[in-house]
Amino acid sequence: MGFSVHLNVQLKFYNLPNPFCLSASPVGNCYEMCARAYRAGWGGITFKTISPNSEKIDEVSPRFNELSKEDTPFVAFNNMEQLSERTVEENCADMKRLKEEFPNKVLIASIMAATEDGLTKLAQQVTEAGADIIELSMSCPQTSNAKMGAEVDEDPELCKQLTEAVKRGTDVPVIAKISPNLASMVPAVKGCLAGGADGFSLIDTVRSVSNVDLEKNVALPNINGKSAVSGLSGKAVKPIALHFLQELRSASGLEQLPIAGIGGIETWEDAAEYILMGATTVQVTTAIMQYGYRIIDDLKNGMMHYMEEKGVDHLSELVGLANKNVVPTSQLDRDYKVYPKIDWDKCIGCGRCFISCQDGAHQAMGWDDEKRLPTFDKSKCVGCQLCALVCPVGAIKLGLVEMKPGRKGDPAEVDASSQRLHNYDSAED
């Protein structure tokens with residue numbers, strides 16, 4: 001390594017050894033779990049959300065379901081998990097023990113309550129237990145109370161009031177967790193800022209019904225013949241989270257907010273995408289549920305090698321670099337055209353590109369019956385790249401770049417790094 005790269009994150013209210021944290025969920029449910037995560041090397045922990053009278057919570061069984069593609073599980077993960085079912089006193093005792101044993105590690109306490117007084121008291125309790133930061137959870141899709149669940153974010157004034165309630169009970173920074181079940185996050189975020197929020201985390205799970213049992217006529221998971229709308233996480237929600245990150249980073253006055261990105265972060269590449277889109281830290285749950293706390297090594301090592309490759313020594317230099325390149329569709333370059341290139345050594349003659357182009361695109365892909373191979377008619381191609389996306393063996397890549405006839409531009413200027421990020425290889429005609 002020609003120079004030293006630094007994964008530490010320094011914000012006005014905390015310093016993390018790396019940007020990777022546990023999100024408020026079953027993966028941070030008690031002292032034993034959080035201690036193991038700290039020892040594994042996670043930068044911070046968000047303790048599972050606690051609430052008054054949490055010991056009265058009665059979970060369902062089963063409470064999880066997943067969407068998979070072929071042999072890859074957890075493309076999306078559905079859960080009916082609620083808040084911590086342990087008492088406030090038990091959770092605070094665990095947090096106090098964690099801070100005593102790991103005084104230099106960041107501990108985030110996630111809290112939720114149905115009343116302002118309840119939030120103020122909870123904030124006092126977790127502050128006394130040693131929480132470095134309080135996360136105000138206002139976004140759980142499994143909670144039906146109007147002052148506790150995802151409905152809170154629909155009312156900016158209520159967001160303000162609840163944030164103020166937490167601030168009255170603590171002197172530590174308060175971050176608000178925002179629901180993705182909104183047309184726009186900006187009003188909710190501005191409401192929280194008016195109430196004194198110091199930062200934000202997003203997104204929480206997305207309201208969903210993931211599967212339906214065709215024989216029993218019940219959505220999954222099947223709980224004695226019934227089911228319910230619940231929360232979706234995993235890879236499938238990453239595009240939604242990145243969209244909301246972009247929305248906040250491009251909103252006037254919100255460009256510099258400290259934001260923890262959440263949703264479908266499984267690899268260092270996922271984390272890098274979040275950071276490039278404006279996240280200052282990231283939080284993980286679903287990937288830990290699949291592979292365990294050990295993935296922190298992969299996340300840290302991958303990010304450090306990426307930074308070295310980019311010539312970046314501080315992670316903060318990457319934050320938000322991609323935001324300026326997301327523009328309204330009216331501003332996109334309509335002169336730019338990329339044709340596909342077929343690697344005939346890889347082509348297996350399956351016909352996927354032909355079928356997709358004929359029935360879903362512009363009929364540029366034909367079929368040679370004798371050779372049992374696709375053909376390509378450039379005059380019909382619009383450069384949509386559907387053929388490359390459906391090819392099961394990667395035989396079709398981004399190929400020749402041209403400008404439309406009579407229009408200006410340099411076709412040699414191709415963003416190869418963007419292509420590589422999306423698993424395409426730059427190729428010359």
Side-chain angles (χ1 to χ4, degrees), residues 7-16 18-25 42-46 49 106 108-110 132-139 150 152-153 156 159-160 163 166 172-182 184-206 233 237-265 268 270-285 299 303 314-326:
L7 287 180
N8 64 301
V9 178
Q10 290 183 315
L11 297 176
K12 63 180 180 180
F13 51 79
Y14 60 75
N15 182 13
L16 292 168
N18 64 71
F20 305 108
C21 302
L22 271 60
S23 54
S25 67
W42 288 85
I45 287 178
T46 311
T49 307
V106 171
I108 306 170
S110 176
D132 299 297
I133 302 167
I134 295 177
E135 181 180 86
L136 169 57
S137 181
M138 303 185 295
S139 55
V152 170
D153 292 331
C159 291
K160 175 178 179 290
T163 307
V166 177
V172 305
V174 175
I175 60 177
K177 191 171 187 178
I178 307 298
S179 169
N181 302 296
L182 301 165
S184 171
M185 283 190 181
V186 172
V189 166
K190 289 186 174 180
C192 293
L193 285 172
D198 299 284
F200 296 87
S201 56
L202 56 110
I203 59 175
D204 205 330
T205 54
V206 179
S233 62
V237 309
K238 187 177 79 170
I240 300 171
L242 294 177
H243 153 65
F244 280 118
L245 261 175
Q246 172 63 21
E247 181 195 41
L248 294 186
R249 286 300 184 206
S250 60
S252 178
L254 306 182
E255 299 91 346
Q256 301 302 316
L257 288 178
I259 298 176
I262 312 171
I265 297 169
W268 72 264
D270 297 324
E273 289 182 51
Y274 271 83
I275 291 167
L276 291 171
M277 289 299 290
T280 43
T281 61
V282 295
Q283 296 182 13
V284 181
T285 283
L299 294 172
M303 186 66 74
H314 287 281
L315 194 66
S316 59
E317 298 174 46
L318 295 175
V319 175
L321 288 184
N323 293 128
K324 66 180 182 297
N325 296 321
V326 179

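Heads up: numbering here begins at 1 and tracks the sequence.
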Quiz item: Is the backbone N or O of Gly43 less than 3.5 Å from a side-chain atom of Asn18, with the two atoms forming a donor-acceptor pair by type?
Solution: yes

Phe200 and Leu193, any side-chain heavy atoms less than 4.5 Å apart: yes

Between the side chains of Ser316 and Gln10, is a donor N or O closer than 3.5 angstrom to an acceptor N or O? no

Taking every heavy atom of Thr163 against every heavy atom of Cys159, the minimum-distance pair comes out as OG1-O, 2.7 Å

| task | Quick one: do Met303 and Phe20 satisfy side-chain contact (heavy atoms from CB on, under 4.5 Å)? Show the steps, please. | result | CA-CA 11 Å; Met303 186 66 74; Phe20 305 108; 4.1 Å; yes

Rounded to the nearest 0.5 angstrom, the OG1-CG distance for Thr49 and Leu136 is 10.0 Å

message = Is it the case that over 12 heavy atoms from other parts of the model lie below 6.0 angstrom from the CD atom of Gln256?
response = no

Rounded to the nearest 0.5 Å, the CG atom of Leu257 sits from the CG atom of Leu248 at a distance of 7.0 Å

* **Criterion side-chain contact (heavy atoms from CB on, under 4.5 Å) on Leu16 and Cys21, from CA distance to verdict** => CA-CA 9 Å; Leu16 292 168; Cys21 302; 3.9 Å; yes

When every non-hydrogen atom of Lys177 is compared with those of Ser137, the smallest separation belongs to CB-CA, 4.2 Å

Of all heavy-atom pairs linking Gly261 and Ala279, the shortest is N-CB, 3.9 Å

* Asked: Would you say Leu299 and Val282 make side-chain contact, with heavy atoms under 4.5 Å?
  -> no

Review point. Between the main-chain N or O of Leu242 and the side-chain N or O of Tyr274, is there a donor-acceptor pair closer than 3.5 Å?
Key: no

Review point. Are Glu135 and Ser201 close enough, and set up right, to give a side-chain hydrogen bond (donor to acceptor under 3.5 Å, both in side chains), and what steps lead you there?
Key: CA-CA 8 Å; Glu135 181 180 86; Ser201 56; 2.9 Å; yes

*Check whether any side-chain heavy atom of Ile133 lies under 4.5 Å from a side-chain heavy atom of Val174, and answer yes or no.*
no

Exactly one of Arg249, Gln246, Glu255 clears side-chain hydrogen bond (donor to acceptor under 3.5 Å, both in side chains) with Asn323, and that residue is Gln246

For Lys190, the salt bridge (Lys or Arg N to Asp or Glu O under 4.0 Å) test, sequence neighbours excluded, returns none

Subject >> Any donor-acceptor pair under 3.5 Å from Asp198 side chain to Ile175 backbone >> reply: no

task: Show your working on side-chain contact (heavy atoms from CB on, under 4.5 Å) between Ile265 and Lys238 and close with a plain yes or no.
output: CA-CA 7 Å; Ile265 297 169; Lys238 187 177 79 170; 5.8 Å; no

Practice task
Check whether any side-chain heavy atom of Leu22 lies under 4.5 Å from a side-chain heavy atom of Thr46, and answer yes or no.
Solution key: no

*Pairwise side-chain contact, Asp204 with Ile178, heavy-atom cut-off 4.5 Å (strictly under)*: no

Of all heavy-atom pairs linking Ala24 and Gln283, the shortest is N-OE1, 4.2 Å

Interatomic distance, CE@Met277 vs CD1@Ile275, rounded to 0.5 Å, equals 13.0 Å

Shortest non-hydrogen pair, Val237 vs Gly263, comes out as CG2-CA, 3.7 Å

Q | CA sep, side-chain torsions, deciding dist, call: Thr285, Ser23, side-chain hydrogen bond (donor to acceptor under 3.5 Å, both in side chains) | A | CA-CA 6 Å; Thr285 283; Ser23 54; 2.3 Å; yes

Do Val189 and Phe244 have side chains that approach each other closer than 4.5 Å (heavy atoms only, starting at C-beta)? no

Closest non-hydrogen atoms of Ser179 and Met185, given as atom of the first, atom of the second and distance, are O-CE, 3.3 Å

Contacts of Asp132 meeting salt bridge (Lys or Arg N to Asp or Glu O under 4.0 Å) (sequence neighbours excluded), chain-then-number -> Lys99

Does any part of the side chain of Leu182, heavy atoms only, come nearer than 4.5 Å to the side chain of Pro187, both counted from C-beta? no

